[in-house]
> 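After the structure tokens below, expect a handful of questions from me.
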Amino acid sequence: MPLKLIREDITKLHCDAIVNAANSSLLGGGGVDGAIHRAAGTGLLAECRTLGGCRTGEAKITKGYRLPCKFVIHTVGPVWRGGAHGEEALLRSCYRNSLALAKQYGCESVAFPLISSGVYGYPKDKALQIAVDEITAFLLGEEMLVYIVIYDKSAFQIGEKLFDDIAAFIDDRYVEEHFDFRYRSEVFADSIALDTDESAPLAGDTFAAKAPLFETQMPACASMPAPAAAPMPAGQQKKNATLDDALKHIDESFSEMLLRKIDEKGMTDAECYKKANIDRKLFSKIRSDRLYKPSKTTAIAFAIALELPLEETKDMLMKAGFALSHSNKFDIIIEYFITNGNYNVFEINEALFAFDQNLLGV
Ligand code: APR
């Protein structure tokens, strides 16, 4: 999973480089800048003094000193002044220039805070989207493990409507599975309410639920001879088509089904594993071993990247030895997004994060 969203103190991370949201003097400050300087010790400030400052949008690199990382990449984000003063372009260049420096210094892993989203006031949801956009664009052509460090949960706000939709979707399914319906919906409602209190999104609906409900339209059957009796119900036709398909591929392994689906979708291998946020090495293992068994989140990440409908997703999971079950929220949230035709891995991860679940990928 080349891009990971984690909740951590960036000064604790053992990656090759961490990025500092600095100011143009590079002589330290508050927020993450202050935390990094405190953890690195005076050697960092002494080296920063030799750099002659840094312009907004640019980046400079120093050693990590007492930090567990090798390097610190200092970049200066824009102050948010409403969005009409070139802030977005400057923030994007912070990520691009920092990633370019990380690559130049041979870093295999780098961690970013949400640049400008603290003291500089950049709206956190916009700042997060820009970070993800720029990092995923970089990772299309490069091999690197990149962390986006979410220091406080408010940085991760899925829209209230989306949150409520998912909570209701979980409620409908989780309750069926877990409790005898007569006695405990109030118990479950409490736990959902607790979730809502704990991870209540800030005001404003940043990620309205996307896409109309996912509909499986029967393909036109004009060429089929009209049956003597009443036409077979659409669901039955679909079941037959799926059944034939399933019988044809009953002995297929996970790897074989994955490669077949990539071909059927007209995707390249790289397009598929990049969209699934899976690294090339893991994909090569799956491609070269027809009996390879991936983790459940990896199998789901590929099903999402291929935009498989729910039944095919369940089929692909089954070939990896898993099932989508209603006994855990992770699976139900995945089912929610597939049922609603939303295959955006980032938005799915945001929802998984909001419900304290593991994120998609390896
Ligand atoms: N680890 C990870 N992230 C952190 C940490 C930490 N230890 N401390 C703060 N953050 C997060 C904040 O929650 C915020 O989301 O880093 C993000 C950036 O916030 P700031 O550090 O305030 O940086 P920024 O908004 O870019 O403002 C830069 O603040 O500290 C001064 O000297 C700095 O003048 C500069 C300005």
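On a predicted model such as this, the values are computed, not experimentally measured, just so you know. Order of listing sets the numbers, starting from 1, for every ligand and every atom in it. Excluded from the calculations below are hydrogen atoms, water molecules and symmetry mates; all remaining heavy atoms, backbone and side chain alike, are included.
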> Near Ala21, which atoms of ligand 1 are under 4.0 Å from a heavy atom of that residue?
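This gives 23 (O), 26 (O), 28 (C), 33 (C) as the contact atoms.
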> Which of the atoms in ligand 1, numbered in the order shown and given with their element, are less than 4.0 Å from a heavy-atom of Asp9?
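With Asp9 as reference, the close atoms of ligand 1 come out as 1 (N), 6 (C), 7 (N).
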> Is there a side-chain contact between Asn277 and Pro2 (heavy atoms, below 4.5 Å)?
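In short, these two side chains touch, coming nearer than 4.5 Å.
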> Give the atom numbers and elements of ligand 1 that come within less than 4.0 Å of a heavy atom of Gly31.
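Listed by number with element, the hits are 21 (O), 30 (O).
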> Measure the distances from the heavy atoms of Gly77 to every atom of ligand 1 and state whether one is below 4.0 angstrom.
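Gly77: no contact with ligand 1 (<4.0 Å).
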> Would one find an N or O of Val149, backbone or side chain, under 3.5 Å from an N or O of ligand 1?
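No; every N/O pair is 3.5 Å or more apart.
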> I'd like to check Glu335 versus Ile338 (side-chain heavy atoms, cut-off strictly below 4.5 Å). Are they in contact?
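Not touching, per the 4.5 Å side-chain cut-off.
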> Considering both backbone and side-chain atoms of Ile115, is one of its nitrogen or oxygen atoms within less than 3.5 Å of a nitrogen or oxygen in ligand 1?
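In fact, backbone or side chain, Ile115 has no N or O that close.
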> For residues 69-77, which side-chain donor-acceptor pairs fall under 3.5 Å, sequence neighbours excluded?
{"from": "His74", "atom 1": "ND1", "to": "Asn20", "atom 2": "ND2", "distance (Å)": "3.3"}
{"from": "His74", "atom 1": "NE2", "to": "Thr62", "atom 2": "OG1", "distance (Å)": "3.0"}
{"from": "Thr75", "atom 1": "OG1", "to": "Glu58", "atom 2": "O", "distance (Å)": "2.7"}

> Which atoms of ligand 1 sit under 4.0 Å from any heavy atom of Leu114?
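Close to Leu114: 15 (O), 17 (C), 18 (C).
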> With sequence neighbours left out, write down each residue that passes salt bridge (charged side-chain N to carboxylate O under 4.0 Å, His left out) with Arg92, or none if nothing qualifies.
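In terms of salt bridge (charged side-chain N to carboxylate O under 4.0 Å, His left out), with neighbours along the sequence ignored, Arg92 is linked to Glu88, Asp133, Glu134.
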> Please tell me if the side chains of Phe138 and Met144 come closer than 4.5 Å, counting only heavy atoms from C-beta onward.
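They are in contact (side-chain heavy atoms under 4.5 Å apart), so the answer is yes.
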> Strictly under 4.0 Å, does any heavy atom of Gly34 approach an atom of ligand 1?
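Not so, Gly34 does not reach ligand 1.
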> Only one of Lys265, Lys261, Arg260 passes salt bridge (Lys or Arg N to Asp or Glu O under 4.0 Å) with Glu312; say which it is.
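Passing option: Lys261.
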> Does ligand 1 come near enough to Gly118 that some N or O of the ligand is less than 3.5 Å from an N or O of the residue?
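Min N/O separation from ligand 1 is below 3.5 Å for Gly118.
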> If you measure every N/O of Ala22 against every N/O of ligand 1, is any gap under 3.5 Å?
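Checking ligand 1 against Ala22, no N or O pair falls under 3.5 Å apart.
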> Does ligand 1 come near enough to Val119 that some N or O of the ligand is less than 3.5 Å from an N or O of the residue?
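Min N/O separation from ligand 1 is below 3.5 Å for Val119.
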> Enumerate the atoms of ligand 1 whose separation from the nearest heavy atom of Asp33 is less than 4.0 angstrom.
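What qualifies from ligand 1 is 30 (O), 32 (O), 33 (C).
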> Tyr95 and Phe112: ring-ring contact (aromatic ring centres under 6.0 Å, His included), yes or no, with the steps?
CA-CA 8 Å; Tyr95 287 96; Phe112 283 91; 4.9 Å; yes
> side-chain contact (heavy atoms from CB on, under 4.5 Å) for Met318 and Phe254? Distances and angles first, verdict last.
CA-CA 8 Å; Met318 194 172 58; Phe254 169 83; over 6 Å; no
> Looking at Gly30, which atoms of ligand 1 are within less than 4.0 Å of one of its heavy atoms?
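Result: 30 (O), 31 (C), 32 (O).
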> Answer yes or no: is there an ion pair linking Asp9 with Lys12, defined by an N-O contact shorter than 4.0 Å?
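Lys12 and Asp9: salt-bridged.
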> Under 4.0 angstrom from ligand 1, any heavy atom of Thr11?
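No heavy atom of Thr11 comes that close to ligand 1.
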